Structures are given as structure tokens and as C-alpha cells.
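Each chain gets a letter, A, B and so on, in the order its sequence line appears, and its residues count up from 1. For the numbers below, each heavy atom of this structure counts, side chains included, while hydrogens, waters and symmetry mates do not. Please read these numbers as outputs of a predicted model, since none were measured by experiment.
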Number of protein chains: 2
Amino acid sequence: MPDHTSPADTEITLPRLLGALSDPTRLGIVRVLSDGAERGWGQLCAPVAKSTLSHHLKMLREAGVTRTRQEGTRCYVTLRREVLDARFPGLLPALLSAAVADHVGEHVTEREAM
Amino acid sequence: MPDHTSPADTEITLPRLLGALSDPTRLGIVRVLSDGAERGWGQLCAPVAKSTLSHHLKMLREAGVTRTRQEGTRCYVTLRREVLDARFPGLLPALLSAAVADHVGEHVTEREAM
DNA sequence: TCTAATGTTCTATGTGCAACGAACATCGAA
DNA sequence: TTCGATGTTCGTTGCACATAGAACATTAGA
């Protein structure tokens with residue numbers, strides 16, 4: 001039973017957040033999640049080994065960027081938009097716009113759920 | 001003759017920028033420089049060894065965050081606000097607000113010039 | 001109950017970075 | 001020219017991370 005706890009809202013620190021988002025693959029994951037909808041682990045399609053993807057999702061979760069929900073053997077990930085917007089107003093939209101404009105994270109795509 | 005070249009505007013990448021700003025001391029330096037005015041190297045007062053401060057300024061410079069001008073043996077640093085604002089609209093203001101609200105980088109202060 | 005699917009964790013490797021002190025290079029001033 | 005100030009670079013240390021493969025745990029299904 002893995003510990004999928006996300007930090008409390010006030011425990012999200014700016015340096016940690018920025019560190020989590022300084023990786024292109026993680027920025028790509030955030031881009032996929034940016035519409036607010038939940039995605040299954042398996043829907044996240046990145047050109048890395050699954051152990052590496054698991055690592056990235058852990059980084060994002062522990063930095064407070066995402067929330068992970070477990071259901072059976074499957075995991076579902078969402079962006080913690082409300083929390084991030086409340087704590088760092090304007091930051092996430094600016095980051096997403098910048099990532100899109102700069103083609104950062106485009107190697108992470110979404111696979112259709114089956 | 002150290003190479004104080006900053007990257008061309010288009011060579012500034014988002015991941016590198018975020019990596020540069022994921023360190024509290026470097027965020028503090030950016031905060032001090034945030035009014036746009038130039039500061040002398042010696043005016044930047046951070047609780048680290050001078051070799052470490054030099055390292056941080058190099059990171060910021062190579063990520064495209066700052067520009068360093070040399071005059072004799074002295075160096076002067078400025079924030080590249082125009083370039084950053086043009087390339088990543090809204091990002092820098094959001095980051096600065098977040099840093100201020102979160103008390104990140106307050107250990108970096110400004111010493112009076114003599 | 002056996003099997004396949006789903007993620008996590010473990011182990012290992014290479015890389016990069018924050019930190020320091022010491023040595024160095026450069027330039028201005030005496 | 002000698003000295004002091006100013007930063008940079010070098011050598012080192014310790015730690016964190018990106019990456020992969022292999023082993024593992026858990027659960028759904030057959």
C-alpha cells in the first residue's frame with residue numbers, strides 16, 4: 001500500500017515547486033493535466049521507463065503539484081490547480097503558457113483510455 | 001578574463017530558468033534585483049562563501065536571468081526583465097509575488113554601496 | 001487458485017549541483 | 001612595482017536526481 005499523500009497546502013514551498021517543474025517530462029505531465037481532468041497513470045505516455053515515470057509522478061505529488069488517487073491497482077492523477085492558484089496566483093497559467101510557447105513537454109502525450 | 005556572456009534571448013529555456021530559480025538564495029538575489037536597478041557584486045549580501053555566491057550568479061547568468069557587466073575588477077549585475085517578460089509573459093511577476101508572500105529569499109539582502 | 005495487469009520499490013550508475021577553502025588572475029591604488 | 005581588493009576557478013565532499021531493469025506487492029479476472 002504505497003503512500004500517496006500530498007503535502008498540506010501550506011507545506012508547498014516555492015523552491016520545491018520550481019524544482020519539480022524544472023524537468024521537461026514533468027512539465028509535459030502538467031501540460032497534459034492542465035485542463036483539470038483526471039488521468040489514469042496508464043494514459044500518461046512519456047518516453048521513459050515506467051519506474052522513471054513513477055519517480056516523476058512521485059516528485060510532482062510530493063511537491064504538491066498533483067494529487068494521486070488509488071482505485072484497486074490503478075492510479076489516477078489530477079493537477080491541484082485550486083491549491084496552486086490560491087497559493088501562487090498567476091504562476092501556473094504563466095508557466096503553462098510559457099511551456100506551450102516554448103514547446104516544452106510535448107514529448108508527453110495522452111493515450112486514449114480503453 | 002572571465003566569460004560573462006549571457007545566452008541569446010531565444011536560448012533561454014524554461015526548464016533551465018526554473019532550475020535556476022529553484023534555489024532560495026538565487027530567488028533572493030532576483031528579489032534584490034527586482035526593481036530593475038543595477039547592483040554591484042559586493043552589494044549582494046548572502047550568507048554563503050564568495051565562491052558559492054559566484055557560483056549562484058553564474059547559474060543565473062547562464063540561465064538568462066541576469067546580465068553581468070564588468071568594469072575593472074568590479075562586476076555589476078542586473079535582472080534581464082525585458083527579455084524575460086517578453087519571452088515568458090507574466091512569469092517573473094508571479095514568481096516575485098510568490099517569493100515575497102512565502103518569505104523565500106529573505107536571507108539575501110543589499111549592502112549599502114560605499 | 002492461478003495469472004496477468006498495474007504501479008512501486010530496490011539496486012545501480014552517471015550526472016549535476018551546493019557548499020567550502022585555497023589558489024589564482026586581474027586591475028586599481030599607493 | 002608592490003599591494004590590496006575583487007571575483008573566478010579548482011579541488012573536494014556530500015547529496016539529490018534522472019535513468020533503467022529487476023524484483024516485488026496488490027488486485028482484478030479467468
Side-chain angles (χ1 to χ4, degrees), chain A residues 1-6 13 15-30 38-63 65-78 104-105 107-108 111 113-114, chain B residues 1-6 13 15-30 38-63 65-78 104-105 107-108 111 113-114:
Chain A
M1 59 213 75
D3 180 21
H4 283 163
T5 308
S6 298
T13 69
R16 187 152 195 182
L17 177 73
L18 297 180
L21 297 177
S22 68
D23 180 274
T25 298
R26 290 196 290 257
L27 270 176
I29 294 172
V30 171
E38 189 178 64
R39 300 295 193 294
W41 203 102
Q43 289 179 62
L44 297 173
C45 188
V48 293
K50 64 175 184 171
S51 55
T52 303
L53 182 56
S54 181
H55 165 70
H56 284 313
L57 287 171
K58 183 179 182 182
M59 291 281 122
L60 287 173
R61 191 190 336 122
E62 293 185 342
V65 179
T66 60
R67 173 178 291 110
T68 299
R69 177 175 69 85
Q70 185 145 14
E71 189 175 307
T73 63
R74 310 231 172 162
C75 294
Y76 297 91
V77 190
T78 50
V104 175
H107 61 296
V108 181
R111 198 192 327 247
M114 292 185 293
Chain B
M1 60 211 77
D3 180 21
H4 282 163
T5 308
S6 298
T13 70
R16 186 151 193 183
L17 177 73
L18 297 180
L21 296 177
S22 67
D23 180 274
T25 298
R26 290 196 289 258
L27 271 176
I29 294 172
V30 170
E38 188 177 66
R39 300 295 193 297
W41 203 103
Q43 290 179 62
L44 297 173
C45 188
V48 293
K50 65 176 183 171
S51 55
T52 304
L53 182 56
S54 182
H55 164 71
H56 284 312
L57 287 171
K58 183 180 183 180
M59 292 282 122
L60 288 173
R61 191 191 334 124
E62 292 185 342
V65 180
T66 59
R67 172 178 290 111
T68 298
R69 178 175 69 86
Q70 186 144 15
E71 190 175 308
T73 63
R74 310 236 172 154
C75 295
Y76 297 90
V77 190
T78 51
V104 175
H107 61 297
V108 180
R111 197 192 328 243
M114 294 185 290

### Message
I'd like to know if the side chain of A:R111 and the backbone of A:G42 have a donor-acceptor N/O pair within less than 3.5 Å.
### Response
yes

### Length of the OH-P vector between A:Y76 and C:dT8, whole Å
13 Å

### Flag side-chain contact, heavy atom, 4.5 Å: A:L18 against B:D23
no

### Message
If you compare every side-chain N and O of B:S54 against the phosphate oxygens of D:dT8 (OP1, OP2), does one of them come in below 4.0 Å?
### Response
yes

### Message
Keeping A:S22 on the side-chain end and A:G19 on the backbone end, is there a donor-acceptor pair under 3.5 Å?
### Response
yes

### Query
Does some side-chain heavy atom of A:L60 sit less than 4.5 Å from a side-chain heavy atom of A:H56?
no

### Separation of D:dT6 C1' from B:L53 CG (nearest whole Å)
12 Å

### Task
Decide yes or no for B:L57 and B:I29: does some side-chain heavy atom of the first lie under 4.5 Å from some side-chain heavy atom of the second?
yes

### Message
Within the 4.0 Å limit for protein heavy atoms, which parts of nucleotides 19-24 of chain D are touched? Write it as a string from 5' to 3', B for base, S for sugar-phosphate only, - for none.
### Response
BBBB--

#### Entry: Spacing of A:D3 atom CG relative to C:dT8 atom P, expressed in whole Å
11 Å

### Query
Do the side chain of B:R26 and the main chain of B:A20 share a donor and acceptor less than 3.5 angstrom apart?
yes

### Query
Would one find a side-chain N or O of B:R74 under 4.0 angstrom from OP1 or OP2 of C:dT26?
no

### Spacing of B:Q70 atom CD relative to D:dT8 atom C1', expressed in whole Å
9 Å

### Summary
Atom CD1 of A:I29 and atom P of C:dG7 are separated, to the nearest Å, by 13 Å

### Task
Using atom types as modelled and distance alone, determine if a side-chain donor or acceptor of A:S6 lies under 3.5 Å from a backbone N or O of A:T68.
no

### Length of the CD-P vector between A:E62 and C:dT9, whole Å
9 Å

### Message
Expressed as a whole number of angstroms, how long is the span from B:E71:CD to C:dA29:P?
### Response
11 Å

#### Entry: Closest to side chain of A:W41, choosing from D:dT26, C:dT8, D:dG7
C:dT8

### Message
Quick check for you: among D:dT9, C:dA5, C:dT8, whose closest atom lies nearest to any side-chain atom of B:K58?
### Response
D:dT9

### Task
Provide, to the nearest angstrom, the distance between the CZ atom belonging to A:R111 and the P atom belonging to C:dG7.
11 Å

